[in-house]
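Heads up, the thing below is written out as structure tokens.
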Amino acid sequence: MQRYSGFGLVKHALSHHENWERQWRNPTPKKQYDVIIVGGGGHGLATAYYLAKEFGVKNVAVIEKGWLGGGNTARNTTIVRSNYLWDESAVLYEHAMKLWEGLSQDLNYNVMFSQRGVLNLGHTLQDMRDIQRRVNANRLNGIDGEVLDAKGVQALVPIMDCSKNARYPVMGASWQPRAGVARHDAVAWGYARGADAHGVDILQQTEVTGFKIRDGQIYGVHTNRGDIEAKTVGCVAAGNSSVLAKMGGFNLPLESHPLQALVSEPIKPILDTVVMSNQVHGYISQSDKGDLVIGAGIDGYNGYGQRGSYPTVEHTLQAIVEMFPIFSRVRMNRQWGGIVDTCPDACPIISKTPVKGLYFNCGWGTGGFKATPGSGHVFAASLAKGEMHPIAEPFSMFRFHSGALIDEHGAAGVAH
Amino acid sequence: MFYIYCPYCGEHREEEEFHPKGQAHIERPKEPEACSDEEWGNYLFFRDNPRGVHHEMWVHAVGCRKFFNMTRHTVSYEILETYKMGEQPSITADSQAKPREAAAVSQQEGVRA
Amino acid sequence: MSNAATFDTRTDTAIPVESPLAYSYRRSGAPQAGGSSRLQLRERAMLGHLILRGGAIVLDEAVRDVLGLNLPGRPQTLVQDASGERSIQWLSPDEWLVIVPGGEEFPLETKLREHLGSAHFAISDVSGGQTLLEISGEAARELLMKTVIYDVHPSNFPVGKGVTTVFAKATTIIRRPSEDRWELVVRRSFADYCYRWLLDAGAEFGVNVQQ
Amino acid sequence: MSQSKQQMFRLNTGGRIDRSRTLSFTFNGQRYQGHPGDTLASALLANGVDIVNRSFKYSRPRGIVAAGAEEPNAIVQLGSNEAAQVPNVRATQQALFDGLTACSTNGWPNVQRDLMGLVGKLGGQFMPPGFYYKTFMAPASMWLTYEKYIRKAAGLGRSPMEADPDSYDHFNQHCDVLVVGAGAAGLAAALAAARSGARVIVADEQEEMGGSLLASRETLEGKPADQWVARVLGELASYENVTLLPRTTANGYHDHNFVTLHERRTEHLGDTAPVENGHRQVRARLHRVRAGQVILSTGAHERPLVYAGNDVPGNLLAGAVSTYIRRYGVAPGRKLVLSTSNDYGYRAALDWKEAGCEVVAIVDAREAPAGDWVDAARAQGIKIITGSAVIEAKGSNRVTAARVAKIDIDAFKVSGPVQELACDTIASSGGYSPVIHLASHTGARPTWREDILGFVPGLVKGVQACGGAKGTYTLGDVLAEGVEAGIRAAATTGYTAQTVSLPSAERLQQGPAVALFQVPHEKSTLRGPKQFVDLQNDVTAAGIELATREGFESIEHIKRYTAMGFGTDQGKLGNINGMAIAARCLKRSIPEVGTTVFRPNYTPVTFGAIVGRHCRDLFDPERYTALHHWHVERGAEFEDVGQWKRPWYYPQKVNGKAETIQEAVARECLAVREKVGILDASTLGKIDIQGPDAREFLARVYTNKWEKLAVGKCRYGLMCKDDGMVTDDGVTSCLAENHFLMTTTTGGAAAILEWLELWHQTEWPELDVYFSSVTDHWATMTITGPEARKLLAEISDIDLDRDSFKFMDWRSGKVAGVPARVFRISFTGELTFEINVQANYAMHVWQTLFKHGEKYGLTPYGTETMHVLRAEKGFIIVGQETDGSVTPEDLGMQWAIGYDKPYSWIGKRALTRSDTKRENRKQLVGLRPKDPKVVLEEGAQIVLDPKHAIPMPMVGHVTSSYYSPILDSGFALAVVKGGHQRLGETVYLPMADGQTFEAEIVSTIFYDPKGERQNV
């Protein structure tokens, strides 16, 4: 792999950039792999990367029906945080956070992980109770965070309306300094380049049309480019997980919903932190290009169209202008939608399935991007060993039979 | 944004008047006590979530407050039909070809201010 | 008898009452745009509001005999008596809103219950829970277009129609009893919000509030 | 040219501007003049302002290239004062008004001499696409520092720092036919549809309707085309069924023909909305249109050619040159070289010549151009260089010359000697790209048409395109298509439209265009001078080639890697050229490389317009009880509960100083425990339930039993979802055998009513029962405390005797002369009467209570005191003690569970799942801090071993915690793993400040455990 560095850049510049290598190959599918990952988004590519790099499984294919990193990885609002309420999710997201902190160096690809901090605002007494509960739990779980009062919030974000005459005055917030944002596309590309360098075949424009299952054990997949064999198949297909599950002959406790986001025109830097609010329901950060990156809510109906309904955008911008009245004359440039696979308890599924050798990693809802490294890492470990990694254990799909749900709605109430 | 024909109000209304209520035709087991944990979990949580023709329940929350069913394509978002609670869909993933047009016409082209 | 409790919440002794907009008048005032006004706003408070629930067949005869009005079976229809003082409006296939002059609601409920006997139906008195706002003036329709998502164009909203729809971020019933008059039925707890919205959205037309 | 204040590039005649009036404006601190009818862009050109901005990445000087929405460079900051600032205004779409103040968004110290420009010049080659990803990685700790400097370069304009003085509106529109774009096609379509009587809305983004016809050299019926425009607009305006919306951009096309139109009502008048008879006008209006049929007559954007130095000021689109001359009476230069691949481009040269300026040459990529306009040019004696193209523009702050050479398009190389032609303007035309943006918002994929070298919209049901938007460019055909579309649209929505007689257009001979996108240069793309594709994001042909070399093969990858098309112009000029270049590099066809998907908005929309009136006081409804006014006058502090404003506590002035919340709550608590307090409980949800099966229904939705509840009695009920988790609670009273009044939590009211309807309508339609909300009908006043009975007795005719009116009874009678239902239930543990009267009487009853209450020390209390009192009694608050993961058994409320009820009520089955049967589930307990002075923090986590290393195992958390004035100690409710078995055990609460509190697990009931006080 061609190493990237400032010096290298200068060298290439002097040779007119004519000698840059491909960041990943465009291989033709082999007949057989040890592990097939279905889904070439961030999570799938990360899984393949760690399989090859950390767990010595190098004969791996990532099968992507479109172009890699083209799903939610390319459509999210790039927020990374680990201040989750319940132990199970806190451990999972903090595992991811620790990997984020060394990711650019590990991948030799700058994913621009920028720990500018995340504020979760509280506007009601119950909001504040929930915030205190979460921050206390985070602290005892070794996750950074503190509870701020309205003054503390105002000090961090001077342009926000923290006055008492707001409809829902800001009473305080939880503040996780280590949280922040990352460059979403770079994450997919960095993992793809890394995985490819370790010998992983990334098969784009390749669509899985069915599974090859014999007496309850998977042994391959049908694709539009022919059959490919593998005794271990991991599906990391986000919004399309239910469609794949159907091919495996079972249902998942999932609904795929449109999740919308939007950006303003680029404006001069004015907002350094990420601000999120459940109560007025909006969240916002500013990218390095200057766009205000704004997340809208989930649309309540099932949708695979990567489009949502307009009122969701209206309500979100109302929330933003309520929090930041000075943005009223800023202009919205672009809006788009992703397909988020949501679980009833707002927690993911990282699990074995009724089919032996077939694993699913899905149900991340609105929280997938921030978990990318951790999700990939624990899923890779599970696929490599054939046994679920301890961190993944609680996220079995069968918790919906036993009732052992991990209800993060409180913490995940707002789309992010 | 959807334009939804309410089978009880007998006219198209804006999506903002409605709430989606998830997959349609999910019946509560008659004998819950006889269900295994697995069966009960499937009833509570497991869903079809198809990419394509989907039968879902909606409620005309800001309107007649009636629940009803809708057959909708989850990619094109085209509403193929709406029908009252207790009725069965005339359009399904399989039997889609012909009636689809007809229904689509009544739902879409027929829109008149 | 339907074996439900009836309860006359009104008293004839002179007790001071406060309409749902009483606080709003104190807080936001009652603007008088005078001559330049293209918009009139008027609360018709203290009317009798009843929610009627049951099958159309069950209720129709009773309503005709007791109220002298045909129960509107067609969705979105509003029927009034000659004076316009009494009206009955379709809300859903088994739900109607009856509005009568204040004080008439309890006798009406009693008569209806007698007439309906043991049939399955329900009558709920909601007179204290909602109020009626009248909007008139040449800018009335423009104001409504700023406010409700429903199509208020005459071709879609003729006289004698009434619908429940979205009013800004609240829910209201909107009715068209006559060519030049619109009615909003708003819930008491939302009344101040609706009032402030109407004043704000109507400002450019010049609003006259009649008390 | 800074001294040129007299519009030296303004032509003496022509154009649609009003030369009789002069407007003055300021750009970058310089005062200039223009005329009504000008855009800021045309006025700047008239004054010879070449450099309007600096480019985003390389800080290169940039000038105006286009005349409309596709302009990538002329992005300016508008606003004469702080509150009026508007970032990123497109000068080509901003009408000039007197006093307009604008400046460039980039450039330091100024746009003329920009120091960053040096960085761009020198560092340009060190900033290929994706260079961020390849650098700034070491050391890891430094990224935030690097980023701080990277961010300095971010952004175009700036946000205002003051609140917006303007207001905005929504307008809910419904129509049969929405026509987007009022050019030739749109007007023809509108005319046809309008005559049929259909409800028609015509929206056009420009200051004037008419589109290209306003500046066309073509004639209709032998007369200038704009005369036909005027006639048609006149007729349309006369129809009552037609709404004409100029200055209105269709920015988003959503499902089922829902289109949002952004109408700029005052932006042509000033930077803040003018005040008219006392009312500030609405600055912008967002029309939310539901259309039966949508006609997309949005025209086409001209495609520039990609050649070296094509970003130097003085490089313009050929069509823009014509527009500035014919519509604005401005010649954007003196000496023109035109580089074209088609006949249309020739019009610019003809217009230029007729404007009295010099056309140095027309450079045509075709070997043998032929057509009427070509002939016209020849006839005018204009030099035409064939088989060639401008391969490079010379000059830095303004074009000084064009380097022209023969090119071999298929071999992609320069095939002849290069000649240099001195000029100050280069116009280029690579043909047209239909404006397909709106169509692709719907998710419909556009399709590539080789014959017109462009994408045409893929269409969904209920929409049709016509004219340029469909790839039809000949005026006669455009008009015909428009009429046809109009008739079809009207017919589909139920109207019969007769055909419209079309004005006769000249039939011009045109030669075929050649497919030319990137122009070859003597040097390779990577080694040669920069050829810009996306001017706003500084994306070059070399950048795209590099991306493809690095393995970015899908157009979506290329766009993201290079940022092509992500600017505020969304790649209107560049995207197709970019695709063509990628296709060349990948040796594929353009459709193989992939179509681009445009997203809303077509052009940017002010946040305020999308927000409309839903801001400030009207952001969200505030729900008030009938007693709100009293609470306000009493100086209550309010708590937001759902949308309700509830009194939180009533601070009193104690010798001039307002009480703290602690002081006020302590006073209120003691008043209730020792005398009598009063609470406005009107916000509780109330549902009137009638029908013979009402009782059975209650038994199914509540966890407890209802069959024996007698008329006149009340009962507390707990509600679960079918997953067994508690979702609501409240008291339900039996009013009559078939008649119940259910109360719900304040926040849950609406949801619970829908919940009941859901089960009735979908699962149990056979049950004869009806539900109606009566929440707002009743005002509820809770008087509670030892003196409650005495107080009520003074003003009520109800027999309040403890034995005839028992705890959990209700009675009706008069209170303060008003018919009332009185419920003897208690949420405080004290003797309590809940008085319900029709809301209109509430204020009278409340005030009468106070008249009589003074001698009993009647004290109003708010939700905070209510919480303390109920917690002292161990009463839960759903949503505080519960969080969606708590069962009735976890709460220790087995007494409220009817295990043996015949029907398997909602939630029952779930309680026996393996996880809900678990021993060590978190269970509700009381906590008594070892130190009575300590009030534990709500949300504090509970551990058994505070010495345990992080991560420290947690067994639960505090759900409610208060200081109890009556017990003079802190106390709390909490959920603890296996808590019901741990009574008496000590637990620990390690806090953020390092101290750890000790507490004992105790019963949840802290006060009056026997419940005697409520029975006095």
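Each chain gets a letter, A, B and so on, in the order its sequence line appears, and its residues count up from 1.
With a 4.5 angstrom heavy-atom cutoff, R307(A) touches chain B via backbone and side-chain atoms both. Both the backbone and the side chain of L254(A) come within contact range of chain B, with heavy atoms under 4.5 Å apart. Proximity to chain A (any heavy atom under 4.5 Å) is shown, for E38(B), by both the backbone and the side chain. Residue contact with chain A, scored on non-hydrogen atoms closer than 4.5 Å, involves the backbone of Q23(B) exclusively. In this structure, chain B has no heavy atom under 4.5 Å from any part of D341(A).
A salt bridge links K352(A) and E387(A); the closest N-O separation between the charged side-chain nitrogens and carboxylate oxygens is under 4.0 Å.
Of the residues considered (G52(B), S36(B), P50(B)), P50(B) shows the highest number of contacts with chain A, using heavy-atom pairs under 4.5 Å. Interface summary for chain A: among L44(B), T74(B), N42(B), the most heavy-atom pairs under 4.5 angstrom belong to T74(B). In terms of heavy-atom pairs under 4.5 Å with chain B, the best-connected choice from S256(A), S309(A), G305(A), P253(A) is P253(A). Chain A forms more heavy-atom pairs under 4.5 Å with one residue of R72(B), E14(B), H54(B) than with any other, namely R72(B). Of all the listed residues (H401(A), K246(A), Q306(A), R399(A)), the one sharing the greatest number of non-hydrogen pairs under 4.5 Å with chain B is H401(A).
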Y301(A) vs F2(B), ring pair (Phe, Tyr, Trp, His ring centres under 6.0 Å): CA-CA, chis, key distance, verdict: CA-CA 11 Å; Y301(A) 49 82; F2(B) 301 169; 4.4 Å; yes
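Across every non-hydrogen atom of E15(B) and I4(B), the tightest pair is CA-CD1, 4.2 Å.
Checked against the 6.0 Å centroid criterion, the rings of F18(B) and F68(B) qualify as a close aromatic pair.
When atom types are taken as modelled, the side chain of R334(A) and the backbone of A261(A) share no donor-acceptor pair closer than 3.5 angstrom.
For the atom pair CD of E64(A) and CD of Q205(A), the computed distance is 8.0 Å after rounding to the nearest 0.5 Å.
Note: Y84(A) and Y93(A) have parallel aromatic rings, judged against thresholds of 30 and 60 degrees for the angle between ring planes.
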